[in-house]
Amino acid sequence: MLRIILDTDPGIDDALAFFLALASPEVQIEAITTVSGNVHVDHTTRNALALLTLAGRTDIPVARGCADALVIPQVHAAEVHGDNGVGGVVLPAPAVQPVAQHAVDLIIERVLAAPGEITLVTIGPLTNIALALRRESSVAQKVREVVMMGGAVRVPGNVTPSAEFNIYADPHAAHAVFHAGWPMRLVSLDVTTRVLLARDQVMTWTQGAGKVKTAMREMMAYYFDVFAPTSDTPQFQMHDPLCLASAFCPDLITWEPAYVDVELAGSLTLGETVGYFKPSAHRPPNMQVSAAADAERFIRLFLERIDQTFP
Ligand code: BDR
Ligand code: CA
């Protein structure tokens, strides 16, 4: 059983990743930690609690994390995810509160309490993770692995021509995380933009469905209607669910070792992820980077598991 802490900024695709995690017997979610990203942390925390309430899994603790990026002003992506982060969908009122502990403290405590056991799956900006490292650097030796959604290594970004949102939103945090010397896998736009759910497929799949799949349909409908209204065949990019699945099923993705750094100085390229793939004594690989994904297998796995757990 893979014990994970899911660090997240829900977020429509974050919500899909939640439900996939809850539907996957290989995964035990130790805790969910929230961060500002797609929307402010007040909203991402409420969304996390409401999504767990919807799924009947309020046994999983949620810890509220950082409201602001380390150095730069916080940016959000409400234009993609709606003002409330879940496409304007009204989720049930949370049946529980966040735990009193701050996300950064929870991450440190849980990782140190179970050396070599906890995988950090990060699907938002890396502010909480960078602060955990800063407060207690030994988490880098105690974590099992970090699997993160972020970056655009060989492809264009989705916020600027060179930067992907999770890295762009807190590039200084990403820089600290990339250089922590821990085992890391990066699930980047190089593969996530090719793993897609089409609108017609979503509408057929969710017909007559229960409350979880209905919420999923409504969230994705917002994305299709508002974010991609001009396309005849809009498709939803499965960034965060693919990252989550690759944590417990690594062979969904082909990985390439690389030294990846984050641009912190460029006035036009802030947050760019720069990958060095040629072996070099000066820049030994600091992570495994996604090179290709088996999109068909992942989409099948996603649809089947959601069907089984949330018909
Ligand atoms: C990432 O940015 C967010 O908008 C998504 O939730 C995903 O984590 C994709 O660039
Ligand atoms: Ca996210």
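For ligands, and for the atoms within them, numbers begin at 1 and follow the listed sequence.
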Assess whether a salt bridge exists between R300 and D294, defined as any Lys/Arg side-chain N lying under 4.0 Å from an Asp/Glu carboxylate O. no

Using atom types as modelled and distance alone, determine if a side-chain donor or acceptor of E218 lies under 3.5 Å from a backbone N or O of M220. no

For ligand 1, find out whether one of its N or O atoms is nearer than 3.5 Å to an N or O atom of I123. yes

For ligand 1, which part of N158 has a heavy atom less than 4.0 Å away: the side chain, the backbone, both, or neither? side chain

Any non-hydrogen atom of D14 lying under 4.0 Å from ligand 1? yes

Write out the residue and atom name of the closest protein heavy atom to atom 9 (C) of ligand 1, then the distance separating them to 0.1 Å. E164 OE2, 3.2 Å

Heavy-atom contact check, 4.0 Å cutoff: does H81 meet ligand 1? yes

Salt-bridge test for R305 and D307: reply yes if a basic N is under 4.0 Å from a carboxylate O, no otherwise. no

Please work out whether the ring planes of F19 and F310 are parallel, tilted or perpendicular, with thresholds of 30° and 60°. perpendicular

Closest to the Ca ion (ligand 2), which N/O/S atom of D240 is it? OD2

Under a 4.0 angstrom heavy-atom cut-off, which atoms of ligand 1 come close to M149? 1 (C), 7 (C), 8 (O), 9 (C)

Strictly under 3.0 Å, is any N, O or S atom of F165 next to the Ca ion (ligand 2)? no

Side-chain donor or acceptor of Q74 paired with backbone N/O of A69 under 3.5 Å: yes

Please determine, by modelled atom types, if D7 and T33 share a side-chain donor-acceptor pair under 3.5 angstrom. yes

Distance check below 3.0 Å: does D13 bring an N, O or S atom to the Ca ion (ligand 2)? no

Atom 5 (C) of ligand 1: nearest protein contact (heavy atom, Å): D13 OD1, 3.2 Å

Taking atom types as modelled and ignoring hydrogens, do the side chains of D83 and H43 form a donor-acceptor contact shorter than 3.5 angstrom? no

To the nearest 10°, how many degrees is the angle I123 O to the Ca ion (ligand 2) to D9 OD1? 80°

How about CZ on R194, more than 12 heavy atoms from neighbouring residues, nucleotides or ligands closer than 6.0 Å, or not? no

Which residue and non-hydrogen atom of the protein lie closest to atom 3 (C) of ligand 1, and at what distance in Å? N38 OD1, 3.1 Å

Please confirm whether the backbone N or O of T44 pairs with a side-chain atom of D9, one donor and one acceptor, at under 3.5 Å? no

Nearest to atom 8 (O) of ligand 1, what protein heavy atom do you find, and at what distance? D240 OD1, 2.7 Å

